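Bear in mind the structure is a predicted one, so any value in this text is a computation, not a measurement. All chains are named by letter (A, B, ...) in the order of the sequence lines, taking the proteins before the strands, and each is independently numbered beginning at 1.
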Amino acid sequence: MRLATWNVNSVKARLPRLLAWLDETRPDVLCLQETKCRADLFPAAEVAELGYETAAHGDGRWNGVAVLSKAGLENISLGFPGEPGYGGEDLESPEVAQIELPELVEAAALPGPEARAIGATCGGIRVWSLYAPNGRTPASAHYRYKLDWFAALRAALADEVAEGRPLVACGDFNVAPDDADVWDPSVFVDSTHVTAPERQALAELRALGLHDVVPTPMKGPFPYTYWDYRAGMFHKNMGMRIDLFYATEALSGRVAAAYVDREARKGKGPSDHAPVVVDVQDDD
DNA sequence: ATGCCGTCTCTCAGACGA
């Protein structure tokens with residue numbers, strides 16, 4: 001079974017490259033992030049021609065996740081239990097407290113979850129495609145939201161892991177697990193993606209029994225999965241490993257190969273992320 | 001370097017990304 005995860009940075013803009021990549025790489029299951037696509041507008045017919053069923057979760061301009069599968073697609077979950085939404089700035093602050101439109105206060109106080117998680121069962125494996133909040137800066141409300149989102153994810157996955165079935169939680173976690181996972185740690189001092197609380201959130205996921213399946217880089221010593229579009233970062237290999245593949249212990253023990261498909265980051269019109277491909281041996 | 005590129009939309013400017 002071949003599993004993969006890829007932040008495509010718009011499924012509409014990436015569709016020709018996505019279809020070519022599917023045809024060439026032929027994963028059984030592909031988790032997508034940043035589809036930036038309403039679920040009902042997802043190009044399901046196009047991927048169906050290549051044999052894939054689609055489960056999509058998206059509400060338009062931002063975020064958006066999906067699972068494509070040739071191995072079955074059951075028990076689809078749009079988001080996870082307890083998933084928080086972005087609550088904005090502190091409602092206790094005097095400035096915000098003066099808002100007198102009840103419906104706005106209500107909407108701000110009860111934010112709905114964004115389209116950042118979709119789960120499905122594919123060929124006996126529970127699969128989660130995840131797109132963690134960016135966090136922007138550690139002082140930002142978006143950073144608090146990011147940590148809250150990870151805490152809720154941990155609680156939701158704890159229940160599923162406890163069921164004992166093979167499970168994969170993969171996608172764009174927007175956290176570099178270690179200093180070796182960014183091209184220059186000195187550039188990221190006081191930035192998101194590398195702070196201790198974010199790394200602790202990953203450690204708590206691993207403490208559930210999830211193993212970080214680290215892919216082979218294919219070029220250079222570091223398995224980066226993201227390179228900024230700007231300033232020739234990709235060609236200088238100034239990247240980050242933020243797209244992660246966390247698998248339950250029994251499943252990670254069946255991993256035969258894992259690699260970053262950096263070829264998909266080359267050429268005309270790429271995503272700024274490369275896919276991570278993981279081959280798992282059949283269960284005996 | 002508050003820059004660089006790319007994508008989106010109540011588009012020709014601003015927000016967002018990491």
Side-chain angles (χ1 to χ4, degrees), chain A residues 5-18 21 32-43 56-66 85-89 107 111 114-117 129-147 149-150 170-199 201-202 222-244 260 262 264-276:
Chain A
T5 182
W6 192 10
N7 178 324
V8 285
N9 186 18
S10 169
V11 71
K12 188 179 299 182
R14 215 64 59 216
L15 187 58
R17 290 192 63 133
L18 171 63
W21 186 86
L32 296 172
Q33 301 86 36
E34 278 205 271
T35 55
K36 298 184 176 178
C37 182
R38 244 168 53 194
D40 61 314
L41 297 178
F42 192 95
H57 184 29
D59 45 31
R61 181 175 187 180
W62 304 115
N63 315 310
V65 285
Y86 176 63
E89 302 302 323
E114 299 173 314
R116 296 184 175 278
S129 177
L130 304 169
Y131 176 50
N134 173 290
R136 301 195 186 177
T137 67
S140 160
H142 291 271
Y143 179 80
R144 184 69 249 164
Y145 166 48
K146 182 178 193 175
L147 296 179
W149 187 89
F150 270 114
C170 64
D172 181 354
F173 284 55
N174 268 324
V175 180
D178 190 85
D179 278 352
D181 295 312
V182 298
W183 58 274
D184 183 354
S186 71
V187 171
F188 291 86
V189 173
D190 297 327
S191 296
T192 57
H193 295 63
V194 301
T195 67
E198 290 168 281
R199 288 175 170 170
L202 296 187
F222 305 109
Y224 299 143
T225 62
Y226 161 86
W227 301 260
D228 197 300
Y229 283 122
R230 295 169 287 188
M233 298 285 271
F234 177 66
H235 295 99
K236 296 180 220 169
N237 200 26
M238 297 158 75
M240 307 172 75
R241 184 171 81 95
I242 54 176
D243 299 271
L244 307 178
V260 180
R262 63 188 307 283
R265 182 62 179 78
K266 296 179 178 178
K268 182 177 170 56
S271 170
D272 44 2
H273 295 250
V276 173

**Student:** Using the P atom on both, measure dC10(B) against dA15(B) and round to a whole Å.
**Tutor:**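 It comes out at 15 Å once rounded to the nearest Å.
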**Student:** Output, in order, the C-alpha distance, side-chain angles, deciding distance and verdict of salt bridge (charged side-chain N to carboxylate O under 4.0 Å, His left out) for Asp179(A) and Arg199(A).
**Tutor:** CA-CA 10 Å; Asp179(A) 278 352; Arg199(A) 288 175 170 170; 3.1 Å; yes
**Student:** Mind checking whether Glu198(A) and Thr192(A) have side chains closer than 4.5 Å, heavy atoms only?
**Tutor:**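 Answer yes - side chains close enough.
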**Student:** On DNA chain B, check which nucleotide each of Ala231(A) and Asn7(A) is closest to and give me the residue with the more 5' one.
**Tutor:**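 Here Ala231(A) is the residue nearer the 5' end.
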**Student:** For dA18(B), take OP1 and OP2 only and decide whether either is under 4.0 Å from a side-chain N or O of His273(A).
**Tutor:**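 For dA18(B), OP1 or OP2 has a side-chain N or O of His273(A) closer than 4.0 Å.
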**Student:** Between Phe188(A) and Tyr229(A), which is nearer to the 5' end of DNA chain B once each is assigned its nearest nucleotide?
**Tutor:**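 The answer here is Tyr229(A).
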**Student:** Whole Å only: how far is the CD1 atom of Ile242(A) from the C1' atom of dG17(B)?
**Tutor:**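 The distance from CD1 of Ile242(A) to C1' of dG17(B) comes to 10 Å, rounded to the nearest Å.
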**Student:** Go through dT7(B), dA18(B), dT9(B) for me and flag the one nearest to the Asn9(A) side chain.
**Tutor:**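 Nearest to the side-chain atoms of Asn9(A), counting from C-beta on, is dT7(B).
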**Student:** Using the P atom as the reference point in each nucleotide, state the distance between dA18(B) and dA13(B) in Å, no decimals.
**Tutor:**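 Rounded to whole Å, the distance is 26 Å.
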**Student:** Under 3.5 Å, is there an N or O donor on one side and an acceptor on the other linking the side chain of Arg61(A) and the base of dC8(B)?
**Tutor:**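 Such a pair exists between side chain and base.
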**Student:** Please classify the nucleic acid contact of Tyr131(A) as base, sugar-phosphate, or nothing, using heavy-atom distances under 4.0 Å.
**Tutor:**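 Sugar-phosphate contact only.
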**Student:** Can you tell me the distance, in whole Å, between the CZ atom of Arg199(A) and the C1' atom of dA18(B)?
**Tutor:**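 So the CZ-C1' distance, Arg199(A) to dA18(B), works out to 14 Å.
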**Student:** Please determine whether a side-chain nitrogen or oxygen atom of Arg136(A) lies at a distance below 4.0 Å from atom OP1 or OP2 of dA18(B).
**Tutor:**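 Looking at the OP1 and OP2 atoms of dA18(B), neither is under 4.0 Å from any side-chain N or O of Arg136(A).
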**Student:** How many whole angstroms separate atom CZ of Phe234(A) from atom P of dA18(B)?
**Tutor:**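 Interatomic distance, CZ of Phe234(A) to P of dA18(B): 17 Å.
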**Student:** Could you check how far NE2 of His142(A) sits from P of dC16(B), rounded to whole Å?
**Tutor:**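 Computing the His142(A):NE2 to dC16(B):P distance gives 7 Å.
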**Student:** So which heavy atom on Leu32(A) is nearest to which on Ser129(A), and how close?
**Tutor:**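 Looks like O-OG, 2.9 Å.
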**Student:** Counting only side-chain N and O atoms of Thr192(A), is one of them less than 4.0 Å from OP1 or OP2 of dA18(B)?
**Tutor:**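 No.
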**Student:** From CG of Asp172(A) over to P of dG17(B), roughly how many Å is that when rounded to an integer?
**Tutor:**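 Distance check: Asp172(A) CG to dG17(B) P gives 11 Å.
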**Student:** Distance check, C1' atoms only: dC4(B) and dT9(B), in whole angstrom units.
**Tutor:**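 Pairwise C1' distance, dC4(B) against dT9(B), rounds to 23 Å.
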**Student:** Provide the closest heavy-atom pair for Asn134(A) versus His193(A) in the form atom of the first, atom of the second, distance.
**Tutor:**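 Nearest pair, atom of Asn134(A) first, then His193(A): O-CE1, 3.5 Å.
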**Student:** Any side-chain heavy-atom pair from Asp181(A) and Phe222(A) closer than 4.5 angstrom?
**Tutor:**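 Side-chain contact under 4.5 Å: no.
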**Student:** I'd like to know if Asn134(A) reaches the base of dA18(B) with its side chain such that a donor and an acceptor end up less than 3.5 angstrom apart.
**Tutor:**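 In this structure, the two groups form a donor-acceptor pair.
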**Student:** Would you classify Met240(A) as touching base, sugar-phosphate or nothing, given that sugar-phosphate means primed atoms plus P, OP1 and OP2, and contacts are heavy atoms under 4.0 Å?
**Tutor:**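 Sugar-phosphate only.
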**Student:** What's the closest nucleotide to the side chain of Trp62(A) if the choices are dA18(B), dG14(B), dC16(B)?
**Tutor:**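 Among dA18(B), dG14(B), dC16(B), the one nearest the side chain of Trp62(A) is dC16(B).
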**Student:** Between dT11(B) and dC16(B), how far apart are the C1' atoms? Round to whole Å, please.
**Tutor:**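 After rounding to an integer number of Å, I get 15 Å for this pair.
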**Student:** What residue among Asn7(A), Asn9(A), Thr225(A) forms side chain to side chain donor-acceptor pair (under 3.5 Å) with Asp172(A)?
**Tutor:**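 Exactly one option meets the side chain to side chain donor-acceptor pair (under 3.5 Å) with Asp172(A), and it is Asn7(A).
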**Student:** What is the separation between atom CG on Leu41(A) and atom P on dT7(B), rounded to the nearest whole Å?
**Tutor:**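 After rounding, the reported distance stands at 18 Å.
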**Student:** Taking the same atom, P, in dA1(B) and in dT7(B), what whole-Å distance lies between them?
**Tutor:**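 Looking at atom P only, dA1(B) and dT7(B) are 28 Å apart.
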**Student:** Provide, to the nearest angstrom, the distance between the CG atom belonging to Asp272(A) and the C1' atom belonging to dG17(B).
**Tutor:**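 Rounded to the whole Å, the gap is 8 Å.
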**Student:** Could you state the atom-to-atom distance from NZ of Lys146(A) to C1' of dA18(B) in whole Å?
**Tutor:**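 About 8 Å, once rounded to whole Å.
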